[in-house]
There are 2 protein chains.
Amino acid sequence: MPRWPADSRERLATAALDLFSEHGYGAVTIDQIADRAGVTARTFFRQFQDKEEVLFADDDLLLPILLETIAEPRGPIEAGTLMEQALVALADRMQPAHEALRQRQAVIDTDVALSGRELAKQARWEGAIATALAERGFRADDASLLAAIGFALFRRELHAWLADASPDAAPLADRIRAALPSLRTILDATTAS
Amino acid sequence: MPRWPADSRERLATAALDLFSEHGYGAVTIDQIADRAGVTARTFFRQFQDKEEVLFADDDLLLPILLETIAEPRGPIEAGTLMEQALVALADRMQPAHEALRQRQAVIDTDVALSGRELAKQARWEGAIATALAERGFRADDASLLAAIGFALFRRELHAWLADASPDAAPLADRIRAALPSLRTILDATTAS
DNA sequence: GAGGTGATGTCATCATCTGTCATAGACTCA
DNA sequence: TGAGTCTATGACAGATGATGACATCACCTC
């Protein structure tokens, strides 16, 4: 029998998300999170770099999926297709966690610093994608712009997916597949009064 | 004669940027900033909401320029042209502050939280642009994607402009004008091995 | 010149985050 | 089986970030 329960990190993450949802991010102290998880504040800071990090710590597990999907296909491939495969793979991995992601996003949306950290994470991913595209032979400028455009579209669909709490909400991957074609024509065809 | 010099806010902002550049953002305390500005830490927090804010406080003066440029032109106008006019107007306003912006960006690039706050600000601007485009009659989905793409390009050119310290560096507006046409074709024409 | 105003200082306090050392169950190896 | 090591955690002290309450005093208005 271990001296302490072995999952302090998970308990801290769960306690934090619940408390943030109940009382708001700013109103929750580290001591309260630690209390609910049955540890001390010092243990919180051993598991997570800072208070924000408890909401972002596990995100980087998803990045390798993106990069592998881009690097994997053999032979020539069109950029849009490659981007679609990568974003759909990411979407499939996020799909089962819909409810937890919705709760997390609701917390993030209430705080500028948290929104910034989320955007910084996405920017880091975007850069990694651009690098992966460049390594496949795309021009560096084209790769970075493609990654930026793809992620802009992903953010839009992710936001809509997270906002939709209904049980028969369209899967994120379907939303992304549906949205991609509009990219091809919007720039040339869009005019307004 | 006033009891204190009248420009404590400007002195604090200048002292903060200088100290951040000299010693790094994290190594500088509010007390040090306040000391150099000749006030107390309490006055710093009366002028700026928090330590980060001293780097971002005046940015929102630029947003109205963007929105006016989008709302102003009369008659039908193509989306890409409208986006170009808005981004070029913003670029022209930023041009004289090249050196200060370079110094500021160098500080921001050293800290994840600061980078996030910068991205959050740009996201707020992006949303405002999308709204302005929608009010001109563009479909809401198209407007948000157009804004996202325009800003992705703006970020890329801004980054290159800020990285270029040479005295005859190309103006930001020229860089943006030069980069825009590539947007039109990249999605359809880009293929790699 | 009496009183109000506003920017600032002073003091107290809470929250975030870090460094350091102690503790005790788990593990290893002879 | 017992000594030594490892490791997650607790306990405590302290620096920094941030806020609230109240005092101060030059300036302004009447």
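Letters A, B, ... are given to chains in the order of the sequence lines, protein chains preceding strands, and every chain is numbered from 1.
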Quiz item: Just wondering, more than 12 heavy atoms not from A:R93 lying within 6.0 Å of its CZ?
Solution: no

Quiz item: Between A:T40 and D:dA11, does any side-chain N or O lie under 4.0 Å from OP1 or OP2?
Solution: no

Quiz item: If you look at every strand shown and take non-hydrogen atoms under 4.0 Å, does B:Q47 touch a base, only sugar-phosphate, or nothing?
Solution: sugar-phosphate

Quiz item: Which pairs pass salt bridge (charged side-chain N to carboxylate O under 4.0 Å, His left out) with one or both residues in residues 171-182 of chain A, sequence neighbours excluded?
Solution: A:D164-A:R175, A:D174-A:R177

Quiz item: Quick one: is C:dA7 close enough that its OP1 or OP2 comes under 4.0 Å of any side-chain N or O from B:S8?
Solution: no

Quiz item: Between A:T43 and D:dA8, does any side-chain N or O lie under 4.0 Å from OP1 or OP2?
Solution: no

Enumerate, atom names and distances included, each donor-acceptor pair closer than 3.5 Å involving a side-chain atom of residues 65-75 of chain B, sequence neighbours excluded.
{"residue": "B:T69", "atom": "OG1", "partner": "B:I65", "partner atom": "O", "Å": "2.6"}
{"residue": "B:R74", "atom": "NH1", "partner": "B:E72", "partner atom": "O", "Å": "3.3"}

Practice problem: Would you give a per-nucleotide map of nucleotides 18-23 of chain C, 5' to 3', where B means the base has a protein non-hydrogen atom under 4.0 Å away, S means only the sugar-phosphate does, and - means neither? | Solution: BBB--B

Quiz prompt | Members sharing B:L119's hydrophobic cluster (side chains within less than 4.5 Å) | solution = A:L119

Practice problem: Using salt bridge (charged side-chain N to carboxylate O under 4.0 Å, His left out) as the criterion, list what pairs up with A:D60, not counting sequence neighbours. | Solution: A:R124

Quiz item: Which residues pass the salt bridge (charged side-chain N to carboxylate O under 4.0 Å, His left out) test with B:D50, sequence neighbours left out?
Solution: B:R117

Quiz prompt | Remaining members of the apolar cluster that contains B:V54, side-chain heavy atoms under 4.5 Å | solution = B:L12, B:L17, B:L19, B:F20, B:Y25, B:V28, B:I30, B:I33, B:V39, B:F44, B:F45, B:F48, B:L55, B:F56, B:V107, B:I108, B:L114

Quiz item: For A:V112, what are the other residues in its hydrophobic cluster, where any two members join if their side-chain heavy atoms are less than 4.5 angstrom apart?
Solution: none

Practice problem: Could you check which residues of residues 11-35 of chain B get a heavy atom under 4.0 Å from DNA chain D? Sort them by number, please. | Solution: B:V28, B:T29, B:I30

